[in-house]
Amino acid sequence: MKTNITLEKAMERATGRLRRKMEYSISLLRKAERIAQSYDKENGFYLAFSGGKDSQALFHITELAGVKFQAHMSLTSVDPPDVIRFVKRNYPEVELIAPKKSIYAVAVEKQILPTMRVRWCCNEYKEGAGAGKVTLIGIRHEESSRRKARKEVEISSKKFSGTLEGLDVYRAEQKKKTHSKETNITNAEEESTAGCIHGKESLLISPIIHWTERDVWEFLNDVMQVVHCNLYDEGYRRIGCIGCPMANLKQKQRENQRWPHVKRNWIKAIIAIRTGGGIRKNSYQKNIWNPSGTALVKNGHPSTAGKSDAGYILHPDPSHWGGARKQRIMEGFSECSSSDGLTDEQEREIAENIYDWWISGMSYKKWYAKKFLQYQFNFSDKEYEKEQPFL
């Protein structure tokens, strides 16, 4: 959605508070452009686009800065259809990058569903985009405590985090350490320095990191006067991947109602994991037990049975796994053998229970109590928990 609004006109429409932030963002983009073009002379910045309000603000402030960039949107196979239609209709210049494999297929291969603590989905579909380039991202400090700690200039591998000025110092230090005579990168002051990213790394620039949500909406509605995705008007606060592990249960349930195909596909993936679809046949799969005492699942119910039992699915949240077991199970969601003897209906019922537990965000103990026992326990009492054989 290339607009015809001039920078001068945009500044006139902005309030004083937003104008100062726009000026800072534009200054940062213009200073960093030479570095971006050193890595990609033809396209300049690699702009990571999602179709959400923040990526729209990022797109248009970059446009106002007059710098060279190309926007890309990495699809995951669980993107809201409304968002994809919005991007295709209003931002045709954005390159849509289809995934090589669906997220469901990758889950079966990895034998683990993405969780808040093991968010492999972002690494698989988002974080690798823009490798070897200077990537523009639309994160903001206001979004979360984790993002509040982020800096406006970072190397994706966490080797550096700071400002453009700090980046120049970092480069100079790296050059001294390696005694490199390479001068293949030009910085904002037209000085040649050694390159700072290699291989799959990318240099991340966050031009709107200091903006608030209020700033973003004012910029889109009053300054740029562009349309946004209809999901915001329907009350959605975030319009990222359907069923994102970072979303709350209420939002996930709402998304399930609107896009039921995603839940159906996840249940199919869970069944595939349980019944051996893509599961490596390791020797320890036949003997299922849990040395840390956390509950295992069989037929939708927990068990603390002995080592001879088989056919269980372990809690998919690695925070519940201990020691060497954690290292082994990190490779897979399930260490169970094939669930022979169960009917398709029973298998689906188990998968649905696992799915409900997965999206709940609860510990297995609390989910089980709420689902099957219908009353609450004092789970803060560790001695009480220890005494209960079914926990």
Side-chain angles (χ1 to χ4, degrees), residues 14-15 17-18 20-22 24-26 28-29 32 45-62 71-74 76 78-80 82-83 86-87 114-130 135-156 158 160-163 202-224 226 228-252 254-255 359 361:
T15 60
R17 182 197 70 260
L18 178 57
R20 288 189 292 272
K21 292 185 179 182
M22 288 170 59
Y24 184 87
S25 299
I26 289 171
L28 175 62
L29 286 162
F45 290 109
Y46 183 105
L47 190 148
F49 195 80
S50 70
K53 65 183 188 305
D54 295 334
S55 68
Q56 281 187 271
L58 174 65
F59 182 97
H60 291 296
I61 195 66
T62 306
H72 309 262
M73 180 175 176
S74 297
T76 64
V78 285
D79 309 279
D82 308 61
V83 175
F86 169 75
V87 174
T115 68
M116 187 178 294
R117 291 181 177 84
V118 186
R119 222 160 5 127
W120 55 258
C121 43
C122 289
N123 181 63
E124 186 79 24
Y125 295 102
K126 300 289 186 180
E127 293 172 3
T135 302
L136 300 179
I137 57 177
I139 65 169
R140 296 182 294 106
H141 282 155
E142 188 188 52
E143 293 179 281
S144 66
S145 57
R146 179 177 294 181
R147 291 192 171 181
K148 190 174 183 179
R150 299 284 296 272
K151 303 298 182 182
E152 60 187 30
V153 180
E154 299 173 323
I155 294 177
S156 59
K158 313 300 182 185
F160 173 82
S161 179
T163 63
S202 58
L203 183 61
L204 306 176
I205 308 289
S206 303
I208 64 169
I209 197 167
H210 304 296
W211 292 30
T212 64
E213 184 175 359
R214 176 183 173 185
D215 295 329
V216 170
W217 283 121
E218 179 187 337
F219 180 68
L220 295 179
N221 295 335
D222 301 335
V223 177
M224 301 307 297
V226 294
H228 52 262
C229 182
N230 63 287
L231 292 178
Y232 288 118
D233 298 325
E234 296 179 26
Y236 286 83
R237 293 295 303 274
R238 59 169 297 280
I239 59 173
C241 295
I242 300 169
C244 174
M246 302 303 290
N248 58 46
L249 176 59
K250 186 176 181 180
Q251 170 145 340
K252 292 173 185 175
R254 183 180 183 184
E255 291 172 347
I359 69 169

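- The closest side-chain heavy-atom distance from Trp211 to Ile61 is below 4.5 Å.
- Pro80 and Ile242 get closest at one heavy-atom pair: CA-CD1, 3.8 Å.
- Looking at Cys121 and Thr76, their side chains never come closer than 4.5 Å, going by heavy atoms from C-beta outward.
- How far OG1 of Thr135 is from CZ of Phe45: 10.0 Å, rounded to the nearest 0.5 Å.
- For the residue pair Arg119 and Pro245, the shortest heavy atom distance occurs at CG-CG, 4.4 Å.
- Note that CG of Leu231 is 5.5 Å distant from CD1 of Ile239, once rounded to the nearest 0.5 Å.
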Open item on the list: salt bridge (charged side-chain N to carboxylate O under 4.0 Å, His left out) for Glu255 and Arg238? Distances and angles first, verdict last.
Closed with: CA-CA 11 Å; Glu255 291 172 347; Arg238 59 169 297 280; 3.6 Å; yes
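- Taking both residues in full, the closest heavy atoms of Ser206 and Ile137 are given as OG-CG1, 3.3 Å, listed atom of the first, atom of the second, then distance.
- Side chain of Ser156 to main chain of Ser202: a donor-acceptor pair is present (N/O by atom type, distance under 3.5 Å, no hydrogens or angles).
- The side-chain heavy atoms of Arg17 and Arg214, taken from C-beta on, include a pair separated by under 4.5 Å.
- Across all non-hydrogen atoms, the minimal contact from Ile209 to Arg150 is CD1-O, 3.6 Å.
- Closest heavy-atom contact between Ser161 and Glu154: OG-OE2, 3.5 Å.
- With values rounded to the nearest 0.5 angstrom, Arg146 atom CZ is found 5.5 Å from Met246 atom CE.
- Between Asp222 and Thr15, every side-chain heavy-atom pair lies at or beyond the 4.5 Å cut-off.
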- [ ] Could you check Tyr236 against Cys229 for side chain to side chain contact (heavy atoms under 4.5 Å, CB included), going step by step and ending with a plain yes or no?
- [x] CA-CA 10 Å; Tyr236 286 83; Cys229 182; over 6 Å; no
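- In this structure, the side chains of Lys151 and Thr163 stay at 4.5 Å or more apart for every pair of heavy atoms.
- We find the CD-CG distance between Glu143 and Asp54 to be 5.0 Å, quoted to the nearest 0.5 Å.
- Lys126 places a side-chain N or O within donor-acceptor distance of the main-chain N or O of Ser74, the cut-off being under 3.5 Å.
- Counting heavy atoms from C-beta outward, Leu58 and Phe49 have side chains that stay 4.5 Å or more apart.
- Asp215 has its side chain out of reach of His210: every pair of non-hydrogen atoms, C-beta onward, lies at least 4.5 Å apart.
- In this structure the side chain of Asn248 never reaches within 4.5 angstrom of the side chain of Arg237, judged on heavy atoms.
- Atom CD1 of Ile139 and atom CG of Leu204 lie 8.0 Å apart (nearest 0.5 Å).
- Expressed to the nearest 0.5 Å, how far NE2 of His60 lies from OG of Ser55 amounts to 9.0 Å.
- In summary, of the residues considered (Phe86, Phe59, Trp217), a ring-ring contact (aromatic ring centres under 6.0 Å, His included) with His228 occurs for Trp217 alone.
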Task: CA sep, side-chain torsions, deciding dist, call: Glu142, Val216, side chain to side chain contact (heavy atoms under 4.5 Å, CB included) - done: CA-CA 11 Å; Glu142 188 188 52; Val216 170; over 6 Å; no
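- Counting all heavy atoms, side chain and backbone alike, Leu29 lies closest to Pro207 at CD2-CG, 3.6 Å.
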